[in-house]
Participant: 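Below you'll find the structure I mean.
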2 protein chains.
Amino acid sequence: MGNKENTHKNIVETAFKMFSDNGFDKTSLSMIAKEVGISKPAIYYYFESKEQLIDYIFDEICKEIEHQNDFSLDRISIDNFEAELISIGYRMIEEHEHDEYFNKIFNEYILLASRNEKYRNRLYEIQKGYLTTYYDLLKFGVEIGAVSAGNIESKANLLGMLIDNIGNFMLTGFQLDYRGIWKEAVTSVLKEDKS
Amino acid sequence: MGNKENTHKNIVETAFKMFSDNGFDKTSLSMIAKEVGISKPAIYYYFESKEQLIDYIFDEICKEIEHQNDFSLDRISIDNFEAELISIGYRMIEEHEHDEYFNKIFNEYILLASRNEKYRNRLYEIQKGYLTTYYDLLKFGVEIGAVSAGNIESKANLLGMLIDNIGNFMLTGFQLDYRGIWKEAVTSVLKEDKS
DNA sequence: GTCTATAAGCAGATAGAC
DNA sequence: GTCTATCTGCTTATAGAC
């Protein structure tokens, strides 16, 4: 009874870590069971198949992303718009620095999604929401006069895609001045149009 | 005799396509052999192991990238600098549009590299060279007076990382105005500094 | 060079006892 | 809930004939 939830949690957390370390295909249920300290059939008491375990973790990850993806516009004014935008990126970079597993397994799911429709739609919505956040932010910036009105959509996509790839580059262990890059991007985008 | 090179080529090309479609782990040597129209042991005549086949294709891909990664600065002047930079990105976008397999298998190798040192160093050098190209371009732009001198490195990394992720986004089937995003990035980066 | 036959091992998954 | 024992199928890889 009390143990049931515990074992379930152990399986999920161990699988998450091992999938992240080795990938889905190179992590067998036997390996997970051994690491958890149970037998392989015990996993089948909680999950119908390996695929269902992978799907369960996918769902958990998606929920977490969807949840953390809405930051409020409350504190933002014309005076601190640029600084706030910069610090949003800084916060993302910081999260990545303390989060070795998440990005790795997420890339695993992205590759899965490129071949399996089941994961594609959900990730599509996440990516869309992700870019939309930057769009809403810049649109708000236009309203309060902190951003010039041209090409808001492209600017938003530019920022969203850049911060996304900063996460990927960090994953590969590439050492760059990511904060400097992000700051440069924000200030460049917010610069007045010449014309 | 004449057949030897042909079979070798068939194996490599078929494997490339199938690895791209299904991933390494979900493409067995039996599947490749069947698709080529030979028996499985025939593959072992050309490659010692599956891993060696994967490595061979990795080497081919790296060589191709390294080769196509140097565009000359000859045609570039102060008058056409921005336009040339924009068209460099456009050309990359166009390549991606006609190249369904390359990006997919390349991402497969990136994920491999995140777990296997053997692939890591080579990809590291490619990524570095990639970003360096944009750095050299911008530095040249500074010399001829087409770019203001501040933060060249961050600007170069920004452009390099953006065009890289444009490729990734295209892979996922995400429909965006990638040319507009790239153009916005280039013009933003080349805008005069306010101060 | 390419084949048939086969070895050895591990994968996902199930039966059934406790 | 968790176990031991087991099934089926597929994997990489090899032996040896032609």
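All figures in this text were calculated on a predicted structure; none of them were measured in a lab. Every chain is numbered from 1 and lettered A, B, ... according to where its sequence line falls, protein lines coming before strand lines.
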Participant: For residues B:Asn80 and B:Arg75, report the shortest heavy-atom separation together with the two atoms involved.
Facilitator: ND2-O, 2.9 Å
Participant: What is the distance, rounded to the nearest whole Å, between atom OH of B:Tyr46 and atom P of C:dT2?
Facilitator: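 Taking OH of B:Tyr46 and P of C:dT2, I get 4 Å after rounding.
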Participant: How is B:Ser39 classified with respect to the nucleic acid when contacts are heavy atoms under 4.0 Å: base, sugar-phosphate, or nothing?
Facilitator: base
Participant: Can you check side-chain contact (heavy atoms from CB on, under 4.5 Å) on B:Tyr45 and B:Ile11, steps first, answer last?
Facilitator: CA-CA 11 Å; B:Tyr45 177 79; B:Ile11 292 170; over 6 Å; no
Participant: Please report, rounded to the nearest Å, how far the P atom of D:dC3 is from the NZ atom of A:Lys34.
Facilitator: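 Checked: the NZ to P distance equals 15 Å.
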Participant: To the side chain of B:Lys50, which of D:dT2, D:dA13, C:dG12 is closest?
Facilitator: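 Per side-chain heavy atoms of B:Lys50, the pick is D:dA13.
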Participant: Heavy atoms from C-beta onward define the side chain here; which of D:dT14, D:dC3, D:dT11 lies closest to that of A:Pro41?
Facilitator: D:dC3
Participant: Expressed in angstrom and rounded to an integer, what is the separation of A:Phe24 atom CZ from C:dA11 atom P?
Facilitator: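 The distance from CZ of A:Phe24 to P of C:dA11 comes to 17 Å, rounded to the nearest Å.
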Participant: Would you say B:Ser28 reaches D:dT11's phosphate, i.e. side-chain N/O to OP1/OP2 under 4.0 Å?
Facilitator: yes
Participant: Among C:dT14, D:dC3, C:dT2, which nucleotide sits nearest the side chain of A:Ala42?
Facilitator: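 So the side chain of A:Ala42 is nearest to D:dC3.
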Participant: For the pair made of CZ in B:Phe47 and C1' in D:dT12, what is the distance, rounded to whole Å?
Facilitator: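 Result: 16 Å.
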Participant: Can a side chain N or O of A:Ser30 be found less than 4.0 Å away from OP1 or OP2 on C:dC10?
Facilitator: no
Participant: Looking just at side-chain N and O atoms, do A:Asn157 and A:Tyr135 make a donor-acceptor pair shorter than 3.5 Å?
Facilitator: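 Absent: no donor and acceptor within the cut-off.
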Participant: Quiz question: by atom type and distance under 3.5 Å, do the side chains of A:Asp21 and A:Tyr101 form a donor-acceptor pair?
Facilitator: no
Participant: Rounding to an integer number of Å, can you tell me how far A:Ile32 CD1 sits from C:dA13 P?
Facilitator: 11 Å
Participant: Out of curiosity, does A:Met170 fall in the hydrophobic cluster containing B:Leu111 (side-chain heavy atoms, cut-off under 4.5 Å, transitive links)?
Facilitator: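 Result: no, two separate clusters.
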Participant: Please state whether the phosphate of D:dT12, meaning OP1 or OP2, lies under 4.0 angstrom from any side-chain nitrogen or oxygen of B:Ser49.
Facilitator: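 Checking B:Ser49 against D:dT12: no side-chain N or O falls below 4.0 Å of OP1 or OP2.
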Participant: Can a side chain N or O of B:Tyr45 be found less than 4.0 Å away from OP1 or OP2 on C:dC3?
Facilitator: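 Checking B:Tyr45 against C:dC3: no side-chain N or O falls below 4.0 Å of OP1 or OP2.
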Participant: Rounded to the nearest Å, what distance is computed from the NZ atom of residue B:Lys26 to the C1' atom of nucleotide C:dG12?
Facilitator: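 Nearest whole value for this atom pair: 12 Å.
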Participant: Measure from OH on B:Tyr44 to P on D:dT14 and round the result to the nearest Å.
Facilitator: 7 Å
Participant: Please report the distance, rounded to the nearest Å, between NZ in A:Lys40 and P in C:dA11.
Facilitator: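 About 7 Å, once rounded to whole Å.
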Participant: Among C:dG12, D:dT12, C:dT2, which nucleotide sits nearest the side chain of B:Thr7?
Facilitator: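 Selected nucleotide (nearest to the side chain): C:dT2.
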Participant: Counting heavy atoms from C-beta on, name the nucleotide in D:dG1, D:dT11, D:dC3 closest to the side chain of A:Ile38.
Facilitator: D:dC3
